[in-house]
Protein chains: 2
Amino acid sequence: MNIGDVAERSGLPAKTIRYYEDIGLIRPHRSANGYRCFVESDLHKLAFLARARALGFSIEDCRTLVGLYEDESRASADVKDLAQQHLRKIDAKISDLEAMRNTLSELVECCAGDDRPDCPILRGLAT
Amino acid sequence: MNIGDVAERSGLPAKTIRYYEDIGLIRPHRSANGYRCFVESDLHKLAFLARARALGFSIEDCRTLVGLYEDESRASADVKDLAQQHLRKIDAKISDLEAMRNTLSELVECCAGDDRPDCPILRGLAT
DNA sequence: CTTGACCTTCTAGTTACTGGAAGGCTCAAA
DNA sequence: TTTGAGCCTTCCAGTAACTAGAAGGTCAAG
């Protein structure tokens, strides 16, 4: 398979796949013409990476997850720990965003939104 | 005021204040010795920026907001539009994060988290 | 033999800072 | 008067995870 095929089948842009090779997440073989030559297991790994990234895991977390995935003697506790840490980060981000949303939506609701200059949003920011 | 004073009073690191000058958000005067020399209005603007950033507005949004703030003939509708757009982005981010959290916490709950290799989290990612 | 769709590498840009190096200024103590 | 601490300055590089674009090689079809 060439990069275009795995891009389509994994849902990852070709650029991203090349980047993942650059940083050592995958190691596809090369054909005689220099093209990357992917086998099924490369595709499988890329799909794994795509899903882990979609769940918000960082690239370094993904590297660890792939390592655990390929380690037949892993302890599921290690995977769970990583996932729980990530879950806590997600929760923290959600809290931050909700705090922002609450403050901002209060200000927005107070704003007439007409052609006059008086604006509670700006007043709130300037306070 | 020197940069250390405004840093303390605005809550922004000195590095960040220098950066804001670099990108043209503020234009403090200089003393004879080359030190930046801040007046109250600079401090006020920095505090405004700090609050806008804390609400998640991008630097470019902040630039626009400062412009509106300083424009006595602004229409509050312009401010409100900007804020509402930002609110929608925040809501979208929260939705994304909640989707991640839901999927991930389901997987986490299914995982024994012991020393055995069998792991529903990895299976979920590999599917 | 050319055309178009692939593929390659390389450089640089994105966001909003942050860390660190190398060096100048200021003020108080010895 | 010198010295030292603690400010300040600029400039360069690094962060995360790509993404855009340029310049050029390869391949299959017509």
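Heavy-atom basis, side chains included; hydrogens, waters and symmetry copies ignored. Chain letters run A, B, ... following the sequence lines, proteins first, then strands; residues in each count from 1. It should be emphasised that the depicted structure is a prediction, and the values quoted were computed from it without experimental measurement.
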Would you call Lys80(A) and Glu109(B) a salt bridge, using N to O less than 4.0 angstrom? no
May I have the distance from Ile17(B) (atom CD1) to dT9(D) (atom P), rounded to whole angstrom? 10 Å
Give a yes/no answer on whether the side chain of Arg18(B) brings an N or O atom under 4.0 Å of OP1 or OP2 in dA16(C). no
Could you give the OH-to-P distance, from Tyr35(A) to dT9(C), as a whole number of Å? 11 Å
Under 4.0 Å from OP1 or OP2 of dA17(D): is there any side-chain N or O of Arg63(A) that close? no
Return the value, rounded to whole Å, for the distance between atom CG of Asn33(B) and atom C1' of dT9(D). 10 Å
Rounded interatomic separation in angstrom, taking CD from Glu60(A) and C1' from dC18(D): 14 Å
Just to confirm, is there a sub-4.0 Å distance from OP1 or OP2 of dT9(C) to any side-chain nitrogen or oxygen of Arg30(A)? yes
Arg116(B)/Asp114(B) salt bridge by N-O under 4.0 Å criterion: yes
Rounding to a whole Å, what distance do you find between Asp22(A):CG and dT9(C):P? 8 Å
Output the rounded distance in Å from CD1 (Ile23(B)) to C1' (dA16(C)). 8 Å
Could you check Ile3(B) against Lys15(B) and say which one's nearest nucleotide on DNA chain D is further toward the 5' end? Ile3(B)
May I ask you to decide whether Asp118(B) forms a salt bridge with Arg123(B), counting only side-chain N to carboxylate O separations under 4.0 Å? yes
Could you pick out which residue, Cys37(A) or Pro13(B), lies toward the 5' side of DNA chain C when each is mapped onto its nearest nucleotide? Cys37(A)
Before accepting this row, confirm whether a basic side-chain N of the pair Lys93(B)/Glu98(A) lies closer than 4.0 Å to the acidic partner's carboxylate O. no
With nearest nucleotides of DNA chain C determined for Thr16(B) and Gly4(A) from heavy-atom distances, which residue corresponds to the more 5′ nucleotide? Gly4(A)
Return the value, rounded to whole Å, for the distance between atom CD1 of Ile59(A) and atom C1' of dG14(D). 17 Å
In whole Å, I'd like the distance from the CE atom of Met1(B) to the P atom of dC7(D). 17 Å
Just N and O in the side chain of Ser58(B): are any of them under 4.0 Å from OP1 or OP2 of dT15(C)? no
May I ask you to say what Tyr20(A) touches in the nucleic acid, namely base, sugar-phosphate or nothing, with a heavy-atom cut-off under 4.0 Å? sugar-phosphate
Would Glu21(B) and Arg36(B) pass as an ion pair if we require N to O under 4.0 Å? yes
Checking all strands, does Arg53(A) fall into the base, sugar-phosphate, or nothing category for heavy-atom contacts under 4.0 angstrom? sugar-phosphate
